[in-house]
Amino acid sequence: MNILGLDTAHSACSAALLVDGKLAAHRFELMRVGHAERLMGQISEVLEGAGRKYSDLDRIACTIGPGTFTGTRIALSAARGLAIGLRIPVIGVTTFEALAAAMSGEGVRVAVFDAKRGELYLQAFAGDALAPLTAPEALTIKAAAQRINGLGRDDLTIGGTGAELLQSALAGKGVLSEASPVPEARFVAQLAVMRDAPSSPPSPLYLRPPDADLPPPTSLKFT
Amino acid sequence: MNRMTILGIETSCDETAAAVVRGSAGGPADILSNIVFSQFDEHAPYGGVVPEIAARAHIERLDAIVGEALSVAGIALKDVDGVAATAGPGLIGGVIVGLMTAKGLAAAAGKPFVPINHLEGHALSVRLTEAVAFPYLLLLVSGGHCQLINVAGVGRYEVLGSTIDDAVGEAFDKTAKLLGLGFPGGPAVEAVAERGDPRRFLLPAPLKGRSNCDFSFSGLKTAVRRAAEQAGTLSPQDVSDLCASFQAAVSASLLDRTARAFDKFTARFADAPMQLVVAGGVAANQALRARFGELCEARGAALFVPPPRLCTDNGAMIAWAGLERLSQEGSEGGGERLDAPPRARWPLTELKAT
């Protein structure tokens, strides 16, 4: 089975091709902007690198967030477009799962992103099986520390762009993961190997509402 | 000339749209499908388009809209000769959804991808339904744009004037919001204005008499607000009269600016017949169409206005612009533009003929 993994949800752009469960080719480049320009090039490079064509793909695995709103939609839109054209399923993987899959150890894996504005995106998992211990959430740093303390566990590995922020709020508890603090497509693809294909393509996981203020009522009077 | 079949995708504002067009350069062409989903309900509470809400709605709906465009056209993706999508200018979050979906579709099908400037889509849309030859004068009037342009050919645009503040469609939306008429404002103001007296309120026709071809609608918006406040408690007739007066001021300004552009067009293309094309969402306004008809008759010019469903944002005009570009380039030119960037700003003058 040929699985294409994609991620553009954070400050990296990556694509990976898994052939029968093994990593055949991958690209991972750190970038703040430019994901929309680079992604398709990465895809064709990993396909060529493994001697495969688009039509050889069996499924696409793509991160669905949380991440930057616009960045998350870059790879997911491309994945959905490819899926229509190739008539293959898209499997959505959260950026938390992608981070946790890159960590090691049987203890608690805490995936945490700096969501700015004094908040963290947070989810904790147990061991290699990535059994969720908490739901995906956007929390203040203090509330995030409380959530993790509430697990009553000391065997914590903390990874992601919010790892240092969370660890200091936990008074230094846990160890920082050595894996990439942003998702990598090779882990995204790996996570899709065992999953059931959904009947419809996945939607983004934003964890935050859009910024929009309702307008003030008009000051005019009407009969 | 070769006939081509192009899938076009448009997501730069609040319309999620896909269409299939078949024909050859110069037009007219067959619109095999033209699916448009307008996000009225999503944005109505805000009285205007909220960019992040628009982008979220685009990604939820676009692949179903693309599927519908293909099935209504009765073709499969492998039957198209290219995939075109708006790459800007517009709300960047939405542009990215359409652009990346189209790149995915094109790559999967092994067909050329053609990034299209949204303004070029409007500029060429008239040739989709009528074989209008170059050059022509284009008045582009929509919620985001207000420009007078000499269209000398595909990729050959000379901007004669632009708005220095609000776009004209924006002025309609803001007037509707002020008077509690809902969103989108254009059709709401037009409907109410039909029952109104355009001479009841004296509103300024912005920039009328200036020698350039620029527009301005910010001052008119303020004048409408002041007139509304001075009128006290507003009856339905007062609201109708305000809308009719506002629409008359907009018409007077657009007509005066366009008449200036006629002179510049004639000076630039001495031997060409005077042709005016009015496109963009505001061109769907019937009262404005009538006024432009009078102007063109008085000046001996031919007037072309695309049908309303091709004036508001749609995928057919993007597919058509893709077809005109692709047929210019030939088979070797198109295709490998999967690195095309999304652009929030992208003036027509930066485009080139191929």
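Chain naming here is simple, since letters A, B, ... match the order of the sequence lines and numbering starts at 1 in each.
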Seminar exercise, completed: Between B:Ala85 and B:Gly98 the two heavy atoms that sit nearest each other are CB-O, 3.9 Å
Exercise. Which answer fits B:Val239, side chain, backbone, both or neither, if we ask what part of it has an atom under 4.5 Å from a heavy atom of chain A?
Worked result: side chain
Problem set entry | Most chain B-contacting option - heavy-atom pairs closer than 4.5 Å, from A:Ile84, A:Leu82, A:Leu76, A:Leu57 | A:Leu82
For this session: Determine the minimum heavy-atom distance between B:Val95 and B:Pro342, stating which atoms define it.
Result: CG1-CB, 3.9 Å
Exercise. Can you tell me how far CD1 of A:Ile91 sits from CD1 of A:Ile3, rounded to the nearest 0.5 angstrom?
Worked result: 6.5 Å
Exercise. Could you state the interatomic distance from CG (B:Leu105) to CG (B:Leu62), rounded to the nearest 0.5 Å?
Worked result: 8.0 Å
Distance-only donor-acceptor screen, chain A against chain B, under 3.5 angstrom:
from     : atom 1 : to       : atom 2 : distance (Å)
A:Ala36  : O      : B:Lys103 : NZ     : 2.7
A:Arg73  : NH1    : B:Glu52  : OE2    : 3.0
A:Arg73  : NH2    : B:Glu52  : OE1    : 2.9
A:Arg80  : NE     : B:Asp63  : OD2    : 2.8
A:Arg80  : NH2    : B:Ile59  : O      : 3.2
A:Arg80  : NH2    : B:Asp63  : OD1    : 2.9
A:Arg80  : NH2    : B:Asp63  : OD2    : 3.2
A:Ser203 : OG     : B:Glu60  : OE1    : 2.8
A:Ser203 : OG     : B:Glu60  : OE2    : 3.1
A:Arg208 : O      : B:Arg56  : NH1    : 3.2
A:Arg208 : O      : B:Arg56  : NH2    : 2.9
A:Thr218 : OG1    : B:Leu178 : O      : 3.1
A:Lys221 : O      : B:Leu234 : N      : 2.7
A:Thr223 : N      : B:Leu234 : O      : 2.8
A:Thr223 : OG1    : B:Leu234 : O      : 3.3

Problem set entry | Residue B:Val97 versus chain A: region with a heavy atom under 4.5 Å | both
For this session: May I ask you to check whether B:Phe172 and B:Phe246 place their ring centers less than 6.0 Å from one another?
Result: yes
For this session: Heavy-atom distances under 4.5 Å only: say whether A:Leu39 touches chain B with side chain, backbone, both or neither.
Result: side chain
Problem set entry | CD on A:Glu137 to CZ on A:Phe96, rounded to 0.5 Å | 8.5 Å
For this session: Counting only heavy atoms closer than 4.5 Å, note whether A:Pro201 contacts chain B via side chain, backbone, both or neither.
Result: side chain
Seminar exercise, completed: In terms of heavy-atom pairs under 4.5 Å with chain A, the winner among B:Ala108, B:Ala228, B:Pro45 is B:Ala108
Seminar exercise, completed: Whatever's closer than 4.5 Å to a heavy atom in chain A on B:Pro51 counts as neither
Exercise. What are the two closest non-hydrogen atoms of A:Leu99 and A:Gly159, and how far apart are they?
Worked result: CD1-O, 3.6 Å
Exercise. Parallel, tilted or perpendicular for A:Phe113 and A:His10, by the 30°/60° rule?
Worked result: parallel
Seminar exercise, completed: Shortest non-hydrogen pair, A:Leu120 vs A:Leu165, comes out as CD2-CD1, 4.0 Å
Seminar exercise, completed: Rounded to the nearest 0.5 angstrom, the OG-CG distance for A:Ser14 and A:Leu6 is 8.0 Å
For this session: Output every pair passing ring pair (Phe, Tyr, Trp, His ring centres under 6.0 Å) with a member in residues 89-108 of chain B, not counting sequence neighbours, ordered by first then second residue.
Result: none
For this session: Name, in order of residue number, those residues of residues 180-190 of chain A that have a heavy atom at a distance of less than 4.5 Å from a heavy atom in chain B; otherwise write 'none'.
Result: none
For this session: Report the distance from atom CD1 of B:Ile53 to atom CG of B:Leu91, rounding to the nearest 0.5 Å.
Result: 12.0 Å
Exercise. Of all residues at least two apart in sequence or in a different chain, which pass the side-chain contact (heavy atoms from CB on, under 4.5 Å) check with A:Leu205?
Worked result: A:Ile64, A:Pro66, A:Thr94, A:Pro136, A:Leu207
For this session: Can you tell which part of A:Ile74 gets under 4.5 Å to a heavy atom of chain B, answering side chain, backbone, both or neither?
Result: both
